[in-house]
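I have placed the structure first, in the form of structure tokens, so that the comments after it can refer back to it.
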Amino acid sequence: MVKKLIWNDIGQNKLSSAAAVFFMAVSAMLLSLSVLLSSGLLGAIDGLMERSKVPDYMQMHAGDLELSALSAFAKQHGEIREWQVCGFLNLDNSRITLGGRSLADSTQDNGLCIQGEAFDHLLDTENQKPEVRPGQVYVPVCYRMRYQLAVGDSMEIGEKRLAIAGFLRDAQMNSMMASSKRFLVHEDDYAAFQAEENMQEEYLIEFLLQDGTDTGLLESTYTAAGLPANGPVITRPLIRMMNALSDGTMIFEIFLAGIVVLLISMLCIRFLLLLQMERDRKEVGMLKALGIGKREIRQLYLAKYILFSGCGALAGLFAAFLLKAPLAGQLQELYGVMDGGAVPAVMAVLAVLIVEGILLYTVRCALRKTERLTVLEALYATQEKRTVRGQYVLIGFVAAACTLLVLVPQNLYTTMSDPAFVTYMGIGDSEIRMDVRQSENIDAVTEQIAEALAQDARVKQYAVLRTRACPVLLADGEVTRLTVETGDHSVFPVSCLAGALPQTEGEIALSAMNAEELGVTVGDTLRLPEDGKETVYTVCGIYSDITNGGRTAKACSVGEDLPARWSVVYVSLENAVEKEAWLEQYRQMGADAIDLADYVKDTYGQTLTQLQLAAKVAAVTAALVIAVVVMLFMRLLVEKERYTISLHKALGFTGTDLQKSWFVRGAVPVFAGICAGLVCGNLFGESLCGAVLQSFGAGGFRFIVAWKELLAKIPVVLAGPAILAILIGIAGIRRIRAYECCMGKE
């Protein structure tokens, strides 16, 4: 009997039944897809890190190295399981070509290496250790996509040519946010290149630690021992975070879209149920009058929505598995097969069950309204006017939510692709960035470039900044190292979260992560040993930075007796300057010179590609949702107002007149919702993205909105489908006859 009633009800309400299944399916699809992708990504990252045996602690060092001191240190500390030193032979980007394409404009520190002996293995695309022969090279897999490379192409370094034998996955440096890239070559080729004069070798001092070892404590002990530390420190959690951050942005956007669609689905399903209960009011009253209990009536409605939920869950899960492959293409290229066994599938099923449980709970809450009605209220009460108003409000809310879905990923993409975004990275907002790294005498090359810039009439302004690794004494007496950038920071300032950048001697600004780790804020002091004595520096500001793991500092001058690890020169040019010719001139002086817009694109290329993909998924989802909701509720409104429409026709109004009036009634909440979504998306979307980026050290985030592009996209993506849905929804007005009003309202 119950089955017959359910199937009859579905047959009489095909549109609302299909809409309920649609909302349940889309909600299940988006959230299960985000779970599949995130668990697959993290599983693939962890799998690659395990197979390649990523070090738990790595100290990069440029300069002389004594292995005996490192060996003694490792023997004294039982928490160190294994250790090794890997060479990294720096290359001049202007001398590198891949498949005929020059890397002169690359912002990466490209270098040659050989396979790690004990751990830190570089793997091929089958996640196996490749065997490299003399004259061959394995290229980072991220360059295969960027430069359209294939096996058999050539890599040229100056006058020497190497054949590309394959592509490698480097668990440490896969992400474009990692500033270095390793090319795997044979030992003989490495020795041959090392013999050349302009090749500077750096060292990766790597440690595998016992489980549970505090890497921060090891770093303090390592620094206190005075061991080689002329370079940044990289830890296993930082490697994992960088990989997840650069490639997980798309997943985060899909998850946000899933949450928004779930909220829309909850409201729409609740409203559909209330509308049906309004239509079934007299039938429910009659059932109560006949002695049918609340539980039986509730079970009748619940049984139908449980059926809808099952269909929606299966459809959403099936769609999620279909979409996983195309969306995970780049992730699989970088990290290998994302299938972590049955765990991702089980988690996706659990996500679907949670989603459907939330929607069924919404149904259960809505049914309480029916349970509270008395027999007389059910038979005679009416709430038509309030229900109609609620439908228009719901249409406006859905339009606002869909606008938010389109707006946030689009704004995040335009922000991260804009050159001004570098101020959140800890980089000055200039036009040109020049790095001096691969040089035997960084200070001499930097001075030569600075003198040339001072005499160059094409230069509007410039700033020279040198980076040194300076020791700092903590309050508990321990010694750690700060990566301090010295120079005039007022020319091309970065974004400060608190205070200001240093302007005088004795002031120092810290990145947000450094300030948090050191437990200091603006006004506190730090002690830095200089020339055999301690100098007190006042923390004048805390700024946003996600470079070098987010752990940097800035000062006017500090540690002048220490060698510069690298130098950065920021430049802005006069308007009429031919930029490419200017860049080439300074590249020949020993600097890696690049347009800052290209720097952002190079560093965040992977992330921007993922964001574009997420924006497309969000736009398609938003278009589908707004079209279905508007069409459904306009048709329900027309059906609900059938008597009034018939009466108007009897009074002489034509179908065209009524359709125009109803079109306006539908369009007003849609466009009001789109406007509200534009405002809320810029306010709350900015806060949400800022909170996520701040966890990685990039605080003070503000959207950079491309209004022309955005205002052109919104009508196409949202207004177009909504208008079409209104026209379809009110098409039934022409089928309503004038004589129907004479037959009564019910």
Side-chain angles (χ1 to χ4, degrees), residues 59-63 219-220 222-224 226-233 426-428 435-437 441-447 450 462-494 496-545 547-570 697:
Q59 172 70 62
M60 300 185 74
H61 175 70
E219 181 178 1
S220 299
Y222 183 95
T223 303
L227 295 174
N230 187 22
V233 171
I427 297 171
D435 290 79
V436 182
R437 295 174 185 260
N441 194 335
I442 292 175
D443 286 320
V445 174
T446 304
E447 284 298 326
Y462 70 95
V464 179
L465 305 176
R466 294 175 174 85
T467 299
R468 296 178 172 87
C470 302
V472 59
L473 295 174
L474 303 181
D476 57 4
E478 291 186 359
V479 178
T480 186
R481 285 186 179 271
L482 284 179
T483 301
V484 185
E485 189 175 57
T486 61
D488 186 354
H489 300 284
S490 63
V491 182
F492 300 104
V494 300
C496 279
L497 307 180
L501 294 175
Q503 297 180 349
T504 61
E505 301 293 331
E507 291 184 337
I508 190 170
L510 300 177
S511 65
M513 279 192 174
N514 253 340
E516 183 179 354
E517 287 189 359
L518 297 176
V520 298
T521 185
V522 175
D524 292 342
T525 58
L526 292 175
R527 293 177 297 158
L528 278 73
E530 290 185 284
D531 298 327
K533 61 180 181 179
E534 293 181 10
T535 304
V536 177
Y537 283 81
T538 302
V539 178
C540 62
I542 298 173
Y543 60 91
S544 171
D545 194 1
T547 61
N548 298 298
R551 294 167 176 83
T552 60
K554 296 181 186 294
C556 294
S557 65
V558 63
E560 298 297 325
D561 56 324
L562 298 172
R565 285 170 45 198
W566 67 78
S567 295
V568 175
V569 183
Y570 295 119

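With hydrogens and angles ignored, the 3.5 Å screen pairs no side-chain donor or acceptor of Asn514 with any backbone N or O of Ser511. At least one donor-acceptor pair under 3.5 Å links the side chain of Tyr222 to the backbone N or O of Pro228. Not one N or O on the side chain of Asp488 forms a donor-acceptor pair closer than 3.5 Å with the backbone of Ala463. Glu507 places a side-chain N or O within 3.5 Å of a backbone atom of Gln503 that can act as its donor or acceptor partner.
Across every non-hydrogen atom of Val520 and Leu510, the tightest pair is CG2-CD1, 3.4 Å.
Counting only heavy atoms from C-beta outward, the side chains of Val522 and Ile542 approach each other to under 4.5 Å. Residues Thr538 and Ile508 have side chains not in contact (no heavy-atom distance under 4.5 Å, counting atoms from C-beta outward). Looking only at side-chain heavy atoms (C-beta outward), Thr535 and Arg527 stay at 4.5 Å or farther from each other. Inter-residue side-chain proximity for Leu501 and Pro493 is flagged as met; some heavy-atom pair is nearer than 4.5 Å.
Between Ser567 and the options Asp435, Val436, Leu465, a side-chain contact (heavy atoms from CB on, under 4.5 Å) holds for only Val436. Here the rule is side-chain contact (heavy atoms from CB on, under 4.5 Å) with Arg468, and of Val558, Thr483, Thr486 only Thr486 fits it.
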task = Begin with the C-alpha distance, continue with both residues' side-chain angles, and end with the deciding distance and a verdict on side-chain hydrogen bond (donor to acceptor under 3.5 Å, both in side chains) for Thr552 and Glu485.
result = CA-CA 8 Å; Thr552 60; Glu485 189 175 57; over 6 Å; no
task = Could you give me the CA-CA distance, side-chain angles and deciding distance for Thr467 and Val484, then say whether side-chain contact (heavy atoms from CB on, under 4.5 Å) is met?
result = CA-CA 5 Å; Thr467 299; Val484 185; over 6 Å; no
query = Passes side-chain contact (heavy atoms from CB on, under 4.5 Å), Thr446 versus Val464? Steps please.
reply = CA-CA 8 Å; Thr446 304; Val464 179; 3.4 Å; yes
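For Thr525, the side chain to side chain donor-acceptor pair (under 3.5 Å) criterion is met by no residue, not counting sequence neighbours. Checked against side chain to side chain donor-acceptor pair (under 3.5 Å), Tyr537 has the following partners two or more places apart in sequence or in another chain: Glu530.
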